[in-house]
Amino acid sequence: MFREVFFNKWILGGYALVILFGIGCYFWYQHQLAPYKRSSAETAEAARKLEVNIATSENKEEQISNAIVKPKNVPIDDNIDISTIDGEVITTVTVNGRVIPVPEVPKASPFGYGPFPEVPEDFPFCAVWLQTDYYDLPVDEQRSSEILDRVLVKLWSEGIRNFKGAKYDQKNGKVYPSYFDTVYITVADRVLPDGTVLPSIIHQVGRAPIGVDLLNPPPNLKVLDYETSGIDPFQYLDLF
């Protein structure tokens, strides 16, 4: 009896159906899961490549930075080649065959004033054309700063060094060095109610010690007329 039931064709067919259904479910599950596995693998691979690219980019940027600031005779990575002018000024950096230009210090005035003068090593200021934001300045400020610094560089090169800066007056086109012992003034007559005429200072550039009468200055202080003093930069620098 038990044997007949166990080997009954309907029961065997049911067993086979259950087995086939289980196998079908397994393959269906694997088929449905495969895209997610591929997506996960692709995401992981993309993340890995991104990390490698970022690390490589940061490494190359560091190499470029090091190449720019290191002296030419210091060994650098073989993938980096430095081009120079006169063995000093870096103009390009080559990274794995790709040439990257390095911004150069401008060599001549954009206003037609000719090549920039050489700045002495002991010059106490940074000439405007050597500053990284030179071309970012407003045009008027760029021009006036260049003229002013050209004058100061020439004064310093000629041994005149007792100044702490300068002023460029765009109205009269003159440069007024801020000498430590000099004050520029403009004097005009002032009429008192009783008719007395007194000279009065109406414009002053530069500071004097408190209590000093600039109309009768001490010997150690130079008081110059603002209108007749100052430096004509075009004449002084031969920019005609």
Side-chain angles (χ1 to χ4, degrees), residues 88-89 103-240:
E88 296 294 336
V89 181
E104 297 182 35
V105 174
K107 297 178 178 59
S109 170
F111 303 102
Y113 301 148
F116 290 119
E118 182 178 353
V119 180
E121 292 184 0
D122 57 350
F123 187 67
F125 311 105
C126 182
V128 68
W129 55 85
L130 298 180
Q131 298 177 22
T132 56
D133 61 346
Y134 174 61
Y135 287 110
D136 295 332
L137 296 173
V139 175
D140 289 343
E141 182 178 348
Q142 185 178 333
R143 176 179 175 276
S144 60
S145 296
E146 179 188 330
I147 291 175
L148 187 149
D149 282 355
R150 280 177 175 268
V151 169
L152 293 184
V153 166
K154 184 173 182 179
L155 287 173
W156 189 270
S157 300
E158 292 178 343
I160 303 173
R161 304 182 174 185
N162 62 326
F163 55 80
K164 53 186 175 182
K167 171 189 176 181
Y168 178 66
D169 189 331
Q170 296 191 27
K171 292 182 178 179
N172 63 18
K174 290 184 178 181
V175 173
Y176 295 85
S178 299
Y179 298 112
F180 291 100
D181 60 351
T182 301
V183 177
Y184 304 93
I185 63 173
T186 300
V187 179
D189 290 336
R190 181 165 60 95
V191 180
L192 300 180
D194 62 359
T196 304
V197 178
L198 294 177
S200 177
I201 298 173
I202 60 173
H203 181 220
Q204 175 180 331
V205 175
R207 295 184 178 181
I210 297 176
V212 170
D213 182 2
L214 294 179
L215 296 179
N216 296 284
N220 63 337
L221 181 65
K222 296 180 182 178
V223 178
L224 303 178
D225 178 70
Y226 187 84
E227 299 301 326
T228 58
S229 61
I231 297 174
D232 182 335
F234 292 93
Q235 181 177 357
Y236 180 61
L237 298 171
D238 296 324
L239 296 179
F240 294 103

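Computation of the quantities below employed the complete heavy-atom set of this structure, encompassing side-chain atoms and omitting hydrogens, waters and symmetry-equivalent molecules.
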Side chains of Phe163 and Leu152 in contact at under 4.5 Å (non-hydrogen atoms): yes
Mutual orientation of the aromatic rings belonging to Phe123 and Trp156 [parallel < 30°, tilted 30-60°, perpendicular > 60°]: perpendicular
Arg161 CZ: over 12 foreign heavy atoms closer than 6.0 Å: yes
4.5 Å side-chain heavy-atom contact, Thr186 and Glu227: yes
Distance-minimising heavy-atom pair for Ser109 and Arg150: CB-NH2, 3.7 Å
Distance, nearest 0.5 Å, that separates CD1 of Ile231 from CG of Asp169: 13.5 Å
From Leu192 atom CG to Leu198 atom CG, the distance as rounded to the nearest 0.5 Å: 4.5 Å
Nearest-0.5 Å distance that lies between atom NZ in Lys167 and atom CG in Leu148: 11.5 Å
Heavy-atom closest pair, residues Pro177 and Ala166: CA-CB, 3.8 Å
Side chain proximity check, Tyr168 to Arg143, heavy atoms < 4.5 angstrom: yes
Validation row: Glu146, Pro110 side chains within 4.5 angstrom (heavy atoms): yes
Tyr236 six-ring face occupied by Lys154 cation (under 6.0 Å, within 45°): yes
Check: Glu141 main-chain N/O paired with Ser144 side-chain donor or acceptor under 3.5 Å: yes
Student check: side-chain heavy atoms of Leu224 and Tyr176 closer than 4.5 Å: no
Rounded distance [0.5 Å steps], NZ in Lys174 versus CG in Asp232: 7.5 Å
Side-chain (Lys164) to main-chain (Phe180) donor-acceptor, under 3.5 angstrom: no
Exercise: identify the closest heavy-atom pair between Leu130 and Cys126: CB-SG, 4.1 Å
Pairwise side-chain contact, Phe234 with Ile147, heavy-atom cut-off 4.5 Å (strictly under): yes
Contact check, side chains of Trp129 and Val119, non-hydrogen atoms, under 4.5 Å: yes
Heavy atoms of other groups near Gln170 CD, more than 12 under 6.0 Å: yes
Heavy-atom side-chain proximity of Ile160 to Tyr179 below 4.5 angstrom: yes
Where Val151 and Pro233 come nearest, the two heavy atoms and their spacing: CG2-CB, 3.8 Å
Distance, nearest 0.5 Å, that separates CZ of Arg190 from OG1 of Thr196: 10.5 Å
Residue Glu118 excluded, over 12 heavy atoms near CD under 6.0 Å: no
Could you list the donor-acceptor pairs under 3.5 angstrom formed by side chains in residues 202-218, with sequence neighbours left out?
{"residue": "Gln204", "atom": "NE2", "partner": "Gly206", "partner atom": "O", "Å": "2.8"}
{"residue": "Asp213", "atom": "OD1", "partner": "Leu215", "partner atom": "N", "Å": "3.0"}
{"residue": "Asp213", "atom": "OD2", "partner": "Asn216", "partner atom": "ND2", "Å": "3.0"}

